[in-house]
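Note that the structure is a prediction, hence the values are computed from the model and not measured.
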Number of protein chains: 2
Amino acid sequence: MSAGERRKFRREGEERRRQDLIDATLDCIADHGLQGATVRAIALRAGVTAGLIRHYFPGKEDLLQAAYANVMGRMTELAKTALATVDEEPRLRLAAFVEASLVPPVVDARSFSLWASFIGRASSDAALGAAHRAGYLGFRDEVEALVAEVLAGAGRPAGIAELRRQAIAINAVIDGLWLEGCLASEMFSTGELAEIGIGSVEAMLGVKLRDETEVERA
Amino acid sequence: MSAGERRKFRREGEERRRQDLIDATLDCIADHGLQGATVRAIALRAGVTAGLIRHYFPGKEDLLQAAYANVMGRMTELAKTALATVDEEPRLRLAAFVEASLVPPVVDARSFSLWASFIGRASSDAALGAAHRAGYLGFRDEVEALVAEVLAGAGRPAGIAELRRQAIAINAVIDGLWLEGCLASEMFSTGELAEIGIGSVEAMLGVKLRDETEVERA
DNA sequence: GCAGTATTTATACACTTGCATAACAACGCA
DNA sequence: TGCGTTGTTATGCAAGTGTATAAATACTGC
């Protein structure tokens with residue numbers, strides 16, 4: 001076998017390559033955690049050689065940060081889309097928001113694996129921590145605004161403190177159900193989590209979010 | 001400086017050493033994630049040299065598993081103690097359970113860091129995943145039993161499906177609030193999370209858990 | 001005190017890691 | 001077509017990884 005065979009390759013656009021590398025990084029992390037995200041493993045998955053990574057990113061650290069930003073971006077984007085699609089009553093928009101957060105692809109083992117890997121490091125890494133907090137607060141503010149509209153629409157507007165409290169609680173239910181769904185998806189039937197989520201929010205707010213005809217009582 | 005100085009050491013009991021190594025491992029993980037848990041870093045923290053680890057554990061993997069079991073053990077132990085201390089009305093016991101889950105030391109950055117580090121790997125590691133699921137189900141069953149008692153005590157016993165649903169939802173609020181508290185403890189005043197948690201559970205169940213005099217309305 | 005044991009240290013080894021550098025070749029443009 | 005640019009590969013290196021092994025020393029029983 002002639003050893004001097006040099007690998008064939010194609011030149012891809014810069015944006016494309018960067019995204020490919022980021023995707024490969026996320027694949028590695030989802031499969032084997034941050035430990036599995038070595039430059040060589042990433043390069044292998046991206047179909048390039050390790051050295052190329054440093055041509056697009058100053059160092060592995062920067063690639064990881066870019067990957068994290070990518071994940072956060074997709075998640076918030078998903079949530080925003082869910083909010084934007086329904087432009088009707090606040091009640092329905094809140095319900096849609098809750099539901100969107102509790103069905104695939106948001107509830108998904110891979111997403112969770114990525115989230116856990118990064119979040120575990122956000123505790124010790126200041127930059128990651130700040131990025132996460134920003135995303136979280138944005139999320140909660142969204143919920144709070146929605147809750148304000150819903151309560152106002154129901155004829156019982158709430159004060160600042162009450163709003164904050166409700167937003168925190170609702171956010172918590174969503175997060176908790178999301179967690180359970182990601183960790184043990186096969187324990188829940190399709191739509192069950194969303195159903196429970198919406199029901200819980202209704203109970204907490206004391207407001208029906210859906211039409212009465214849609215509500216089932218067990 | 002004479003180079004032939006050999007380090008002084010003391011012989012500790014086997015159990016003590018194993019626990020020291022496990023504690024050191026958890027410290028490393030809490031501080032810098034699984035990546036920071038190298039045999040040398042662990043040994044340094046435990047005040048021994050790296051080789052000793054392999055005298056007590058067949059390999060690093062086994063040490064990590066032992067460490068994980070240790071964490072899980074402490075957590076469930078904490079929860080059980082919280083339940084055992086209050087032996088009064090179901091309502092009060094549920095309230096105590098919720099509160100115990102939402103104040104230190106359960107709500108704690110270190111605990112969370114450990115949880116996140118291990119859980120991230122539980123997705124890909126079958127053994128870790130099974131261990132986690134067992135712990136989670138035990139937790140949820142506990143909640144479900146408590147809810148059953150509370151509802152029965154309130155004069156409106158619930159069916160299997162309703163109980164399951166409530167347990168899932170309540171568990172979710174607790175988890176979600178726990179998450180928020182661990183990730184951004186400084187955003188919440190003392191006891192605020194517990195307050196919100198208990199209030200949410202009350203709303204979801206439609207049952208007051210505490211005496212009316214303790215309830216504050218915002 | 002003294003010998004025996006096994007805990008603990010020290011050292012070494014093979015391997016992986018991220019990173020640096022030079023050679024190469026694919027593509028754009030004349 | 002041919003040439004320069006630079007995206008890409010290939011190779012190498014120093015530091016760090018888990019593990020294996022031998023030497024040393026603290027403790028136990030006499």
Side-chain angles (χ1 to χ4, degrees), chain A residues 1-29 31-68 117 121 124-125, chain B residues 1-25 27-29 31-68 117 121 125:
Chain A
M1 195 167 217
S2 54
E5 296 278 321
R6 205 181 172 89
R7 185 170 165 171
K8 303 297 180 194
F9 62 90
R10 275 184 47 208
R11 290 181 142 166
E12 301 283 355
E14 166 161 359
E15 278 319 304
R16 169 72 186 277
R17 267 285 192 266
R18 293 181 71 94
Q19 192 56 50
D20 281 353
L21 288 174
I22 288 178
D23 289 342
T25 304
L26 294 181
D27 283 343
C28 289
I29 295 178
D31 279 6
H32 306 101
L34 279 174
Q35 321 225 53
T38 69
V39 288
R40 284 169 177 82
I42 293 170
L44 185 66
R45 248 198 161 100
V48 297
T49 47
L52 190 59
I53 290 180
R54 286 206 24 102
H55 189 262
Y56 287 103
F57 298 92
K60 185 195 169 188
E61 211 60 24
D62 306 82
L63 172 55
L64 286 181
Q65 274 182 237
Y68 181 63
S117 298
R121 216 174 104 163
S124 41
D125 186 315
Chain B
M1 194 169 213
S2 55
E5 297 276 320
R6 205 180 171 88
R7 185 167 164 174
K8 302 296 180 193
F9 62 90
R10 275 185 49 206
R11 288 179 144 171
E12 301 283 355
E14 167 162 357
E15 277 319 303
R16 169 72 186 278
R17 268 283 190 264
R18 292 181 72 93
Q19 192 56 50
D20 281 353
L21 288 175
I22 288 177
D23 289 342
T25 304
D27 283 344
C28 289
I29 296 177
D31 279 5
H32 306 100
L34 280 173
Q35 321 225 52
T38 70
V39 288
R40 286 168 178 81
I42 293 170
L44 185 67
R45 247 196 163 101
V48 296
T49 48
L52 191 59
I53 290 180
R54 287 204 23 103
H55 189 263
Y56 287 102
F57 298 91
K60 186 194 168 189
E61 211 61 22
D62 306 83
L63 172 55
L64 286 182
Q65 275 182 235
Y68 182 61
S117 297
R121 215 173 106 162
D125 185 316

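- By the 6.0 Å and 45° rule, R18(B) stacks over the aromatic ring of F57(B).
- Side-chain to base pairing of R11(B) with dA6(C): one donor and one acceptor N or O lie within less than 3.5 Å of each other.
- When all heavy atoms of G36(B) and A41(B) are compared, the pair lying nearest together is O-CB, 3.5 Å.
- Rounding to whole angstrom units, CD of residue E15(B) and C1' of dT7(C) are separated by 15 Å.
- Using a 4.0 Å heavy-atom criterion, one finds that R17(A) contacts the sugar-phosphate atoms exclusively.
- The residue among A37(B) and G51(A) whose nearest nucleotide of DNA chain D lies closer to the 5′ end is G51(A).
- A donor N or O paired with an acceptor N or O is not found under 3.5 Å between the base of dG18(C) and the side-chain atoms of R54(A).
- An OP1 or OP2 oxygen of dT8(D) is reached within less than 4.0 angstrom by a side-chain nitrogen or oxygen of Y56(A).
- No hydrogens or angles were tested; on distance alone, nothing pairs the side chain of R40(B) with the base of dG16(D) as donor and acceptor under 3.5 Å.
- We find that CD of Q35(B) is positioned 16 Å from C1' of dA15(D), with the value rounded to whole Å.
- Across all their heavy atoms, A67(B) and I22(B) have their closest contact at CA-CG2, 3.9 Å.
- Spacing between atom CD1 of I53(A) and atom P of dG18(C) amounts to 8 Å, rounded to whole angstrom units.
- Between R10(A) and E12(A), at least one side-chain nitrogen of the basic residue sits less than 4.0 Å from a carboxylate oxygen of the acidic one, meeting the salt-bridge criterion.
- Across all strands shown, A41(B) has no heavy atoms under 4.0 Å from either base or sugar-phosphate atoms.
- R10(A) comes within 4.0 angstrom of sugar-phosphate atoms only, judged by non-hydrogen atoms across all strands, and of no base.
- Side-chain proximity of F9(A) to dA26(C), dT25(D), dC19(C): nearest is dA26(C).
- Rounded to whole angstrom, the span from the CD atom of E14(B) across to the C1' atom of dC27(D) amounts to 16 Å.
- Rounded to whole angstrom, the span from the NZ atom of K60(A) across to the P atom of dT17(C) amounts to 9 Å.
- For R6(B) against dT25(D), a side-chain-to-base donor-acceptor contact under 3.5 Å is absent.
- The residue T49(B) sits close to a base: some heavy atom pair falls under 4.0 Å.
- Atom P of nucleotide dT8(D) and atom CZ of R18(A) are separated by 13 Å, given to the nearest angstrom.
- Heavy atoms of E12(A) sit under 4.0 angstrom from primed sugar atoms or phosphate atoms, though from no base atom.
- Closest to the side chain of K8(B), out of dT17(C), dT8(D), dA26(D), is dA26(D).
- Looking at heavy atoms from C-beta onward, K60(B) lies out of side-chain contact with I53(B) at the 4.5 angstrom threshold.
- For H55(A) and dG7(D), the shortest distance from a side-chain N or O to OP1 or OP2 is below 4.0 Å.
- Counting to the nearest Å, the P atom of dT9(D) and the CG atom of L21(A) are 10 Å from each other.
- Residue side chain R7(B) does not reach the base of dT9(C) through any donor-acceptor N/O pair under 3.5 Å, judged by distance alone.
- The pair R45(B)-D20(B) does not count as a salt bridge, with every side-chain nitrogen at least 4.0 angstrom from each carboxylate oxygen.
- The CG-P distance, from D20(A) to dT8(D), rounds to 10 Å in whole Å.
- Counting non-hydrogen atoms under 4.0 angstrom, F57(A) reaches nothing in the nucleic acid.
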